[in-house]
Amino acid sequence: MVPTSHKTLFLITVAYPFGHGEDWLQKELKALEPLCNEIKVFPLVKPQGDQRWLPANAQVMNDLWQAPASVQKGVYLSNLLTITSILRDELKHAGNKSTMRKKKREINSIIGQSIYRAQLLKKHIEQCINTPICYAAWQNEGALIFSLLKQQGVISHYDFKFHGFDLFNDRRDGYVPFRWYNMKHVRHAFHISKAGYNYMMQHDFKEKNVLYYSGVYDQGIGPFEEKVFTIASCSNIIPIKRVERMVDILQHLQFPVRWIHIGDGAGMEALQEQAAQLPEHITCEFKGRLSNAEVITLYQTTTIHLFMHLSSSEGGAPVAIQEAISFGIPAMGTDAGGIGEIVNEHTGVLLPNDFNDATVAQQITDFKHSNKNTMANRQQVKTWWSNHFNADVNFAKFAEALTS
C-alpha cells in the first residue's frame, strides 16, 4: 500500500526499539508503515541491548537521548515565561498539590530539558518536506516536548497514548506530572481501556479522549488434553502484580496442579522460596523473562487449562491476558483497571480485587470440573477474542486515526 499523501511520522518513545518494554509499538509500527513515507523514532533514554524490529522506512534518531540531563541557565532565562506558566498551571490542576510542591525542582528540571529537546526536534520537523505526524507513545516527557512545539506553533497537532503510570493519580502519589498541560495541547489522547477512558472523562478536555483497544495477532488455538491441570501466569514479579498470591491460592488446591510463571523481577528469589513450601502435588516452573516468540511457542505446544492474572491495579487491558485468550485459554483475573474488559462470562471468571485465597482455590476447582474446561468452550473464548482484540483490526483503525 502506498500512502495517499506524503507523511513523515515523528515518534517519541521511552526506549523502543531498544530495551525490553513498549512491545505494543511493534504492532503499531507494522500498521503505520504503509501509511507513512518515512518514520523517525526518537528514544528518550540511552539505547541498551540489541535493536528490535523497525519498519524498512524507519530510522532511529539519537538527538533526544543524547541531550544533556541538565541544561544551561540560558535556556531557563530565555524561556522563563513558558516555565512559569507551566508550573502555575501544574499547581492549579495537580490532584495532590503537596506532592507537586515536593517535586517542584524535579519538574522544573524536566521542563528545562524538554524545552532544549524541543529545540532539537524542531530542526528535524522544519526540515521535513512531508506532512509531519507527531505521536508520543506515552503521556510523559515526550508528550511535553510536542506540547511545547504545539504552543510555539511549530506543529499543528500531535497525539499521545495513555497507559496507567502516566494516567492515574493513585499510581503517582496523587499527582501525574504535565497531564493537564499535555491534555490542553494534544489533539487526541488515545486510551487502551474503557477504565482509563472513563477516568479521564471525569477531568478537563473530555472531547480529546478516544478509545482504541490494542490487540494480539492470531497464532492459532492451543492444544487441549486432560493431563495434569496446568495454570499459567505472565507478568513482572513486582508488588502490584501480586504473583506471590498464586502460591497462597495453590496451597488450598487438593488435586495435582502444574503452575508455569513467565516473567522475572526483584521478587523472584522470595517467590521461589515461598513456592518451595507447597505440597508435593503442586509443581512450579519459573520460566523467567521469555521473548514474545517463546511465549507464543509455549502456548502453541503446551496444554494450558487456565490463565491467572492477579494485579491489584491495571492502566489498560493487559496484553498478557489478550495473548492467552487468543489461543482459547480461559482466564481468571481480578476486577482492576481494564481486566474486566477482557475477563468476563465469555472468556473466564472475573474475581473481586480484594479476593480471598481459599475462595479463589474453590473457583479453580469448580472451573476444572465445569464445561468451561472443554475444547468447545475454548473455541468460544477464541471467537470472543477475535471480535474484540484482534491486532490486525484494532491497530489498523488506530493507524488510520493517527495519520488522518
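Because the structure is predicted, anything quoted here is derived from the model rather than measured.
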K206 NZ: over 12 foreign heavy atoms closer than 6.0 Å: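 Yes, NZ of K206 has more than 12 neighbouring heavy atoms, counting only those of other groups under 6.0 Å.
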
Crowding at CG, D50 (>12 non-hydrogen neighbours, <6.0 Å):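 No, the 6.0 Å shell around CG holds no more than 12 heavy atoms from other groups.
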
side-chain hydrogen bond (donor to acceptor under 3.5 Å, both in side chains) evaluation trace for T8 with E38: CA-CA 5 Å; T8 296; E38 59 179 349; 2.9 Å; yes

Working for side-chain hydrogen bond (donor to acceptor under 3.5 Å, both in side chains), residues Q362 and D366: CA-CA 6 Å; Q362 184 59 54; D366 294 342; 2.9 Å; yes

Aromatic plane relationship, F229 with H305 - under 30° parallel, 30 to 60° tilted, over 60° perpendicular: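 It falls in the parallel class, under 30°.
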
Parallel, tilted or perpendicular: rings of F190 and F398 (30°, 60°):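 Because their plane-to-plane angle is over 60°, the rings of F398 and F190 count as perpendicular.
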
Any side-chain heavy-atom pair from [X] and [Y] closer than 4.5 angstrom?
X	Y	value
V41	T13	yes
L310	L351	yes
H163	W24	yes
N394	K27	no
Q151	Y181	yes
V45	F18	no
S235	H261	yes
F286	W259	yes

Between [X] (side chain only) and [Y] (backbone N and O only), is there a donor and an acceptor less than 3.5 Å apart?
X	Y	answer
K208	K184	yes
S85	L81	no
R378	P330	no
T297	A293	yes
K382	G220	yes

Pair I111-N79, side-chain contact (heavy atoms from CB on, under 4.5 Å): steps then yes or no: CA-CA 10 Å; I111 296 173; N79 293 277; over 6 Å; no

Distance, nearest 0.5 Å, that separates [atom1] of [X] from [atom2] of [Y]:
X	Y	atom1	atom2	answer
M332	T334	CE	OG1	11.5 Å
N356	R245	CG	CZ	8.0 Å
L211	M200	CG	CE	14.0 Å
Q152	I115	CD	CD1	8.0 Å
N236	D264	CG	CG	7.0 Å
Q202	Y197	CD	OH	12.0 Å

L54/I39 under side-chain contact (heavy atoms from CB on, under 4.5 Å): CA gap, chis, key distance, verdict: CA-CA 9 Å; L54 280 177; I39 298 171; over 6 Å; no

Test: D166 and K161 ion pair at under 4.0 Å: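 No, no charged N to carboxylate O under 4.0 Å.
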
K241 bridged to E314 by N-O distance under 4.0 Å: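 Yes, charged N to carboxylate O under 4.0 Å.
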
Ring centers of F146, F160 separated by less than 6.0 Å: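 Ring centroids of F146 and F160 are no less than 6.0 Å from each other.
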
Check: F327 ring centroid to W385 ring centroid under 6.0 Å: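 Ring centroids of F327 and W385 are no less than 6.0 Å from each other.
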
Full working for side-chain hydrogen bond (donor to acceptor under 3.5 Å, both in side chains) between D357 and Q251: CA-CA 9 Å; D357 300 330; Q251 289 179 343; over 6 Å; no

Y175 six-ring centre to K102 NZ/CZ under 6.0 Å and within 45° of normal: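 Judged by the rule, K102 and Y175 form no cation-pi pair.
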
Quiz item: cation-pi between K368 and F255, 6.0 Å / 45°: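 Judged by the rule (NZ or CZ under 6.0 Å from the ring centre, within 45° of its axis), K368 counts as positioned above F255.
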
With a 3.5 Å cut-off and no angle check, do the side chains of [X] and [Y] form a donor-acceptor pair?
X	Y	result
H191	N209	yes
S147	Y158	yes
Y213	Q322	no
W180	D204	yes

Qualifying residue, where the test is side chain to side chain contact (heavy atoms under 4.5 Å, CB included) with Q139 and the options are V186, L144, V176: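 So, applying the side chain to side chain contact (heavy atoms under 4.5 Å, CB included) to Q139 and each of V186, L144, V176, only V176 qualifies.
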
